[in-house]
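Here the structure is a predicted model, which is why all the values come from computation and not from measurement. All residue numbers in this chain count up from 1 along the given sequence.
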Amino acid sequence: MRFIHLSDLHIGKRVNEFSMIEDQKYILKEITDIVKNEKADAVIIAGDIYDKSMPPAEAVQVFDGFLNSLTEITDKIFIINGNHDSAERIAFGSRQMEKGGVYIAPVFNGEMKKYSFYDSFGKVNIYLMPFIKPAMVRGFFEEGVVTDTMSAVKAIIDKTDINEGERNIIVSHQFITGAERSESEEIYVGGSDNVEAEVFDKFDYVALGHLHGPQHVLRETVRYCGTPLKYSFSETGHKKSITVVDMKEKGNVEIKTVPLVPLRDMRHIKGTYSFLTEKKNYEDINTEDYLRVTLLDEEEVYDAIGRLRSIYPNIMRIDYENRRTGADNDIGTVDVSSQKSAIEFFEELFRLQNNKDFTESQRKLCAEIMEEIWEVGK
């Protein structure tokens, strides 16, 4: 059995107020082509279909189109909800969808949904565990059994009759201890959402969602496939891909990744304003990419983001890196008993904050503003 492992589509997401919907349509079409080229028997989507529990209509339409395209080229699609999804909305119509080969985890009812299929190597069992919190699970077990996320996941698995002589896959949307997070993921205080990888020892492959960086934990087959797109600047170093898994005879699992090429990349660039606006420095790159720009100029550039967007239209963030921002000066308190003038006090404050002196034009402007303020106060 060959299947594609996906997760964290976050359809409808906005990053720094930029809608990602066009980029998502593009990458979902690319994923569909890969699924077709790989001749996958099944597709697993391990949660966070949408970015919000009540997604906008356009996001629902995009996922509907993606799902329809997948059903035309593969026999089985398995879906669970993630922490960003509404379990009830994701599960709506699931019994009807099963007739078309789309298998969706129901709202958690105390046990995992199990589906069994056969291939040339025998039986394969797929267990769907939607995103859970202890409060969602506690009522199905004796008092004291479920105290945190780890004990909740363990209780569910221990309750499940799993034949370890057969090939077993679990789809889950949780944080596994030791995995690497990025800025765009929800973090719970004190690691209360942590789950140890050993809890999944009965499964031949663990298809995980929740974390945005592709990675495995403890063993190759406990795996996050990561997001298909970069959703924060902490992800600029990620190499986005989809995971292709060949489930052969018991104990033989082969994994490969297929890289994804986005419509627009997300990058961090640095340089002075003059360097970044010189044609030879940007003519060979995709200026349409989503950018964080760090300016190295000592003086602030007037309307830098507006002027730079004439070349780089998708700047999401701009900041400065210079002597002023790198200084760690202790301003302390000002000795007002000294005989300094008001502008001299202001010059001293400016020097401590910015690690440089006033220019003559700045000193003149400051003096004019002070004079206006004093005139108004008379």
Side-chain angles (χ1 to χ4, degrees), residues 7-8 44-50 52-54 76-98 102-117 123-177 179 185-211 217-218 221-224:
S7 77
D8 296 87
I44 288 173
I45 307 177
D48 280 357
I49 310 301
Y50 301 113
K52 296 181 179 179
S53 58
M54 296 185 67
K76 305 172 188 66
I77 302 167
F78 301 92
I79 300 171
I80 65 169
N81 65 279
N83 57 301
H84 281 256
D85 301 312
S86 162
E88 292 79 8
R89 288 182 173 84
I90 293 294
F92 175 78
S94 57
R95 284 176 291 183
Q96 290 299 314
M97 286 192 177
E98 280 192 20
V102 180
Y103 305 91
I104 303 174
V107 177
F108 186 73
N109 59 4
E111 56 186 40
M112 291 188 287
K113 187 73 174 179
K114 172 187 173 183
Y115 296 97
S116 297
F117 304 93
K123 191 177 182 182
V124 179
N125 303 307
I126 300 179
Y127 295 85
L128 303 183
M129 180 190 288
F131 173 73
I132 59 165
K133 294 181 178 180
M136 300 161 57
V137 177
R138 199 169 284 126
F140 298 102
F141 297 92
E142 293 182 8
E143 188 175 350
V145 171
V146 175
T147 57
D148 55 14
T149 305
M150 172 62 186
S151 58
V153 172
K154 185 176 186 304
I156 295 167
I157 292 174
D158 288 347
K159 180 183 177 182
T160 306
D161 183 17
I162 301 170
N163 184 343
E164 294 186 60
E166 297 171 346
R167 292 170 297 161
N168 299 299
I169 300 167
I170 186 170
V171 187
S172 178
H173 192 95
Q174 304 293 156
F175 174 66
I176 307 303
T177 303
E185 300 144 4
E186 291 185 3
I187 298 176
Y188 294 85
V189 178
S192 60
D193 59 336
N194 285 23
V195 175
E196 299 294 331
E198 289 86 352
V199 77
F200 297 112
D201 281 349
K202 294 180 180 180
F203 298 94
D204 299 273
Y205 187 85
V206 183
L208 294 167
H210 192 34
L211 299 190
V217 186
L218 197 63
T221 51
V222 179
R223 197 167 194 89
Y224 290 100

Is there a donor-acceptor pair under 3.5 Å between the side chain of [X] and the backbone N or O of [Y]?
X	Y	value
Asp85	Gly82	yes
Lys159	Gly110	yes
Asp204	Asn168	yes
Asn163	Asp161	no
Tyr50	Ser86	no

Would you indicate whether the side-chain heavy atoms of [Y] and [X] approach each other to under 4.5 Å?
X	Y	answer
Phe131	Asp48	no
Met150	Thr177	no
Ile44	Ile169	yes
Thr149	Phe175	no
Tyr127	Met129	no
Phe203	Ile162	yes

- Message: More than 12 heavy atoms of other residues, nucleotides or ligands under 6.0 Å from CZ of Phe117: yes or no?
- Response: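 Yes, CZ of Phe117 has more than 12 neighbouring heavy atoms, counting only those of other groups under 6.0 Å.
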- Query: Is Lys202 atom NZ crowded by more than 12 heavy atoms from other residues, nucleotides or ligands, each under 6.0 Å away?
  - Reply: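 It does: Lys202 NZ has more than 12 such atoms within range.
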Restricting to non-hydrogen atoms, name the atom on [X] and the atom on [Y] that form the minimum distance, rounded to 0.1 Å.
X	Y	value
Ile79	Leu128	O-CD1, 4.0 Å
Pro106	Ala91	CA-CB, 4.1 Å
Ile132	Gln174	N-OE1, 2.9 Å
Ala155	Val145	CB-CG1, 4.0 Å
Tyr115	Ile104	OH-O, 4.1 Å
Ala46	Ala207	CB-O, 3.8 Å

Mind checking the [atom1]-[atom2] spacing from [X] to [Y]? Nearest 0.5 Å is all I need.
X	Y	atom1	atom2	value
Ile156	Ser172	CD1	OG	8.5 Å
Ser53	Asn81	OG	CG	11.0 Å
Asp201	Leu218	CG	CG	7.5 Å
Lys113	Phe78	NZ	CZ	12.0 Å

- Query: Do His173 and Asn83 have side-chain atoms, one donor and one acceptor, less than 3.5 Å apart?
  - Reply: yes
- Item | Criterion side chain to side chain contact (heavy atoms under 4.5 Å, CB included) on Tyr103 and Ile126, from CA distance to verdict | CA-CA 10 Å; Tyr103 305 91; Ile126 300 179; over 6 Å; no
- Item | Verdict with reasoning, Thr221 to Phe200, per side chain to side chain contact (heavy atoms under 4.5 Å, CB included) | CA-CA 10 Å; Thr221 51; Phe200 297 112; over 6 Å; no
